Amino acid sequence: MKISDSVIRRLPRYYRQLGELLLEDIHKISSKELAKKMSLTASQIRQDFNNFGEFGQQGYGYNVDLLRQEIAKILNLHEKKSTILIGAGNLGTTIAAHIDFESLGFHLSAIFDKNEKLTGTLVAGVPITHTDQLKEFCENNAPEAAILCIPKDASTELVKNLTSYGVNSFWNFSAYDLHVDYPQATVENVYLGDSLMALSFKTQQQDSKINHN
Ligand code: NAI
């Protein structure tokens with residue numbers, strides 16, 4: 001069954017929200033209460049979960065622990081996918097240091113950079129390896145995913161190599177729209193500037209709403 005992208009995007013939000021409820025020692029919640037906390041509607045929540053089965057009980061609501069476990073299963077968080085990070089600059093080292101890969105379904109297996117001065121430096125306990133070793137590493141370790149923290153031009157060449165080494169999932173921070181050239185690849189683009197531009201647009205809309213009232 002094809003799950004819509006908007007549902008997939010809400011699943012991590014549910015997962016986080018349910019985690020917060022558990023921290024507050026809340027183990028049972030109705031779709032109405034959950035909807036209120038997430039600024040969604042109860043029917044939206046029921047529809048989302050109905051894509052995957054019956055998680056709630058009429059008149060009882062949701063068991064928070066079980067629902068969170070189910071969402072973890074749907075998101076495949078238990079299976080730690082081996083991932084490599086390319087580009088140990090400002091962005092790459094920040095991501096390596098601050099993202100809790102293990103709790104998010106991945107294992108950071110290696111970090112690569114073309115700058116040999118960085119070779120051997122530890123980032124989040126992982127030594128930086130020179131990109132000369134990339135092919136051999138992929139052949140021996142078969143990483144499933146790559147995190148691209150390099151400039152657009154560098155990504156173009158690198159993605160060509162990585163796909164030929166069998167890497168097909170990309171967490172893409174570079175400005176290279178790689179899904180255009182690699183429609184079969186699984187890609188999550190993260191470009192913070194896009195989000196900021198969306199905020200710019202929405203802010204303008206809000207301003208014009210205020211001015212028209
Ligand atoms: P940086 O200059 O601090 O680091 C880039 C690193 O990539 C350097 O260590 C460099 O040696 C390495 N590198 C370059 N080409 C390489 C290659 N072919 N193979 C392996 N390593 C290579 O730059 P910074 O600030 O970390 O940004 C990196 C890229 O990410 C930039 O292109 C920037 O535009 C982009 N970026 C994207 C953001 C987003 O929201 N998606 C946010 C910030 C930056």
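First listed ligand is number 1; within each ligand, the first listed atom is number 1. Note that the coordinates shown come from a computational prediction; the quantities given were computed from them, not determined experimentally. When a residue number appears, it is its place in the shown sequence, counting from 1. All values below were derived from every heavy atom in this structure, side-chain atoms included, with hydrogens, water molecules and symmetry-related copies excluded.
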query = Which ligand 1 atoms does V190 reach within 4.0 Å, using its non-hydrogen atoms?
reply = 39 (C), 40 (O), 41 (N)
request  = Identify which of G92, A154, P151 has a heavy atom lying nearest to atom 32 (O) of ligand 1.
outcome  = P151
request  = Give the residue and atom name of whichever protein heavy atom lies nearest to atom 40 (O) of ligand 1, and the separation in Å to one decimal.
outcome  = L192 N, 2.7 Å
ask   = Between T131 and ligand 1, which residue portion shows a heavy-atom distance shorter than 4.0 Å: side chain, backbone, both, or neither?
value = side chain
key: Proximal candidate to atom 37 (C) of ligand 1 [heavy atom criterion; set F112, W171, F173, Y176]   = F173
message = More than 12 heavy atoms of other residues, nucleotides or ligands under 6.0 Å from CD of Q184: yes or no?
response = no
query = Can you tell which of G87, A175, G89, A88 gets a heavy atom nearest to atom 4 (O) of ligand 1?
reply = G89
request  = Answer yes if a protein heavy atom lies under 4.0 Å from atom 26 (O) of ligand 1, otherwise answer no.
outcome  = yes
Residue, atom name and distance, where the atom is the protein heavy atom closest to atom 28 (C) of ligand 1 = C149 O, 3.4 Å
task = Please report which non-hydrogen protein atom sits nearest to atom 11 (O) of ligand 1, along with the residue it belongs to and the distance in Å to one decimal place.
result = D113 OD1, 2.7 Å
message = Measuring from atom 29 (C) of ligand 1, which candidate in N115, I150, D194 has the nearest non-hydrogen atom?
response = I150
key: Side chains of S30 and E33, donor plus acceptor under 3.5 Å   = yes
message = Under a plain distance cut-off of 3.5 Å, with no hydrogens placed, do H27 and D25 share a side-chain donor-acceptor pair?
response = yes
task = Name the closest protein heavy atom to atom 34 (O) of ligand 1, giving the residue it belongs to and the distance to 0.1 Å.
result = Y191 OH, 3.5 Å
message = Would you say N168 and Y182 are linked by a side-chain donor-acceptor pair, where the criterion is simply a distance under 3.5 Å?
response = no
key: Any N or O of K152 closer than 3.5 Å to N or O of ligand 1   = no
inquiry  = Looking only at protein heavy atoms, which one is nearest to atom 3 (O) of ligand 1, and what is the separation?
reply    = N90 N, 2.9 Å
ask   = Below 6.0 angstrom between ring centroids: does that apply to F112 and F137?
value = yes
key: NZ or CZ of K81 within 45° of F106 ring axis and under 6.0 Å   = yes
query = So, S200 side chain and L196 main chain: donor-acceptor pair closer than 3.5 Å or not?
reply = no
query = Do D153 and Y176 have side-chain N/O donor and acceptor atoms under 3.5 Å apart?
reply = no
query = What's the shortest distance from atom 44 (C) of ligand 1 to any protein heavy atom, and which residue and atom give it?
reply = L91 CD2, 3.8 Å
request  = Identify the protein heavy atom lying closest to atom 20 (C) of ligand 1, giving its residue, its atom name and the separation to 0.1 Å.
outcome  = K114 N, 3.3 Å
remark   = With heavy atoms and a 4.0 Å threshold, my read on which part of I86 contacts ligand 1 is side chain
query = For the atom pair CG (D113) and CG (L85), what is the distance rounded to the nearest 0.5 Å?
reply = 9.5 Å
task = Could you tell me whether atom 6 (C) of ligand 1 has at least one protein heavy atom nearer than 4.0 Å?
result = yes
message = Working note: E70 + K73, criterion salt bridge (charged side-chain N to carboxylate O under 4.0 Å, His left out); need CA distance, chi angles, decisive distance, verdict.
response = CA-CA 5 Å; E70 288 298 335; K73 263 193 239 163; 3.6 Å; yes
remark   = Honestly, for S174 the part within reach of ligand 1 (heavy atoms, under 4.0 Å) is neither
task = Would you check if there is a donor-acceptor pair between the side chains of S164 and N161 at a distance under 3.5 Å?
result = no
